[in-house]
2 protein chains.
Amino acid sequence: MSLAQIEYFVAVSETGHVGRAAEALRIAQPAVSRQIRNLEDELGARLFVRSARGMQLSEAGDVFLEHARAILAQIDDARRAVQARGRRSGEP
Amino acid sequence: MSLAQIEYFVAVSETGHVGRAAEALRIAQPAVSRQIRNLEDELGARLFVRSARGMQLSEAGDVFLEHARAILAQIDDARRAVQARGRRSGEP
DNA sequence: GGAGTTTACGAATGTCGTAACTATC
DNA sequence: GATAGTTACGACATTCGTAAACTCC
């Protein structure tokens, strides 16, 4: 599991399409498709139901989405907190 | 920022040494040293005070450590939650 | 001089993009 | 036949490990 995979997953969840997500992320579709598949393989669960019109969250995917957003938010918090503290007392 | 960097950082924080952390992580020292440096560069703050006897958390590092642990815990939560749900209603 | 960290460099791994394939409507 | 996702494959980038160099007691 990588942060990129989590970001890709959230993008696909929000757009409902691998293609739209890839466009928003400024990368090509296959990269997104592969990472989603890798993530599903690692977790041992299908996160999306594939249909001919796009990607719909499965139950497991729905559960994961909340956690994924929390993780990304926490990463952001961490970055902000350490940068604020780092500037105050840190480097030359 | 990557999950590996966060794991390496926590390991160095807990052991107080790059070498001990590397041993615990089952990888070589330089890999840990580089990732810590990359993390510091990206965050724009020194996370450790280097001394001749090891690595001590700086103030910024202390702040980051709490967040780092929270992130890893949340990753674990996510994994557990989606696996529990995935097995129940998911794959063939 | 010894314990510990960092730099240098080649090897291995992973990720990406283009192009071709598959499937569903 | 059009739309959307996946597979194949070569190119690019990142990360790793071994070996050597550096630093502070």
Side-chain angles (χ1 to χ4, degrees), chain A residues 1-58 60-62 64-65 68 71-72 75 79 90-92, chain B residues 1-58 60-61 64-65 68 71-72 75 90-92:
Chain A
M1 175 149 36
S2 73
L3 295 180
Q5 286 174 339
I6 297 174
E7 287 164 10
Y8 296 0
F9 166 78
V10 171
V12 173
S13 300
E14 288 176 346
T15 60
H17 299 267
V18 172
R20 306 282 171 78
E23 190 178 358
L25 293 163
R26 303 293 206 143
I27 61 179
Q29 289 96 337
V32 178
S33 181
R34 271 185 306 244
Q35 294 293 358
I36 297 292
R37 172 74 59 170
N38 291 349
L39 181 59
E40 289 179 321
D41 286 353
E42 182 188 336
L43 291 173
R46 288 277 163 274
L47 299 175
F48 293 100
V49 178
R50 274 84 168 163
S51 80
R53 279 194 299 287
M55 312 274 282
Q56 189 188 0
L57 279 173
S58 69
D62 203 53
F64 189 66
L65 179 57
I71 291 164
L72 295 181
I75 295 271
R79 193 175 270 124
E91 70 278 41
Chain B
M1 176 149 37
S2 73
L3 295 180
Q5 286 173 340
I6 297 173
E7 286 164 12
Y8 296 179
F9 165 79
V10 172
V12 173
S13 300
E14 289 176 345
T15 60
H17 298 267
V18 173
R20 307 282 170 78
E23 191 178 357
L25 293 164
R26 303 292 206 143
I27 62 179
Q29 289 95 337
V32 178
S33 181
R34 271 185 307 246
Q35 294 293 358
I36 297 292
R37 173 74 61 169
N38 290 349
L39 181 59
E40 289 178 322
D41 286 353
E42 182 188 336
L43 291 172
R46 288 277 164 273
L47 299 175
F48 293 100
V49 179
R50 275 83 169 163
S51 80
R53 281 193 297 288
M55 313 275 281
Q56 188 188 2
L57 279 173
S58 69
F64 189 67
L65 179 57
I71 291 163
L72 296 182
I75 295 269
E91 69 276 41

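Chain letters run A, B, ... following the sequence lines, proteins first, then strands; residues in each count from 1. No hydrogens, no waters, no symmetry mates; every other heavy atom, side chains included, goes into these values.
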*Measure from CG on B:Leu39 to C1' on D:dT15 and round the result to the nearest Å.*
15 Å

*By salt bridge (Lys or Arg N to Asp or Glu O under 4.0 Å) - contacts of A:Glu42 (at least two apart)*: B:Arg79

*asked:* Whole angstroms only, please: what is the CZ-P distance between B:Arg37 and C:dG4?
replied: 19 Å

*Euclidean distance, atom CG of residue B:Leu3 to atom C1' of C:dG14 [Å, nearest integer]*: 15 Å

_Please list, in numerical order, the residues of residues 13-23 of chain A that have a heavy atom closer than 4.0 Å to any atom of DNA chain D._
A:His17, A:Val18, A:Gly19, A:Arg20

*Roughly, in whole Å, what's the span from CE in A:Met1 to P in C:dG14?*
17 Å

*Taking B:Gln56 for the side chain and B:Val49 for the main chain, is one N or O donor matched with an acceptor at less than 3.5 Å?*
no

*What integer distance in Å separates B:Met55:CE from C:dT5:C1'?*
8 Å

*Tell me which of A:Ser51 and B:Gly54 sits closer to the 5' end of DNA chain C, going by the nucleotide each one is nearest to.*
B:Gly54

_Residues which pass ring pair (Phe, Tyr, Trp, His ring centres under 6.0 Å) with A:Phe9, listed by chain and number, not counting sequence neighbours_ = A:Phe48, A:Phe64

*asked:* I'd like to know if the side chain of B:Ser58 reaches the main chain of B:Arg46, judged simply by a donor and an acceptor atom lying under 3.5 Å from each other, with no hydrogens or angles considered.
replied: yes

*Under the side-chain contact (heavy atoms from CB on, under 4.5 Å) test, which residues partner A:Ala24, sequence neighbours left out?*
none

*asked:* Less than 4.0 angstrom between a side-chain N/O of B:Ser33 and OP1 or OP2 of C:dT5, yes or no?
replied: no

*Using modelled atom types only, decide if a donor and an acceptor are shared between the side chain of B:Thr15 and the backbone of B:Ala11 within a distance under 3.5 Å.*
yes

*Return yes when atom CZ of A:Arg50 has more than 12 non-hydrogen atoms of other residues, nucleotides or ligands closer than 6.0 Å, and no otherwise.*
yes

*Reading nucleotides 16-21 of chain C 5' to 3', which nucleotides get B (base under 4.0 Å from a protein heavy atom), which S (sugar-phosphate only), which -?*
BBBB--

_Spacing between A:Asp41 atom CG and C:dT15 atom P, to the nearest angstrom_ = 13 Å

_Without decimals, in angstroms, what is the distance between B:Asn38 CG and D:dA13 P?_
16 Å

*Integer-rounded Å distance: C:dT5 P and B:Gln56 CD*: 13 Å

*side-chain contact (heavy atoms from CB on, under 4.5 Å) partners of A:Asp62, counting only residues at least two apart*: A:Leu57

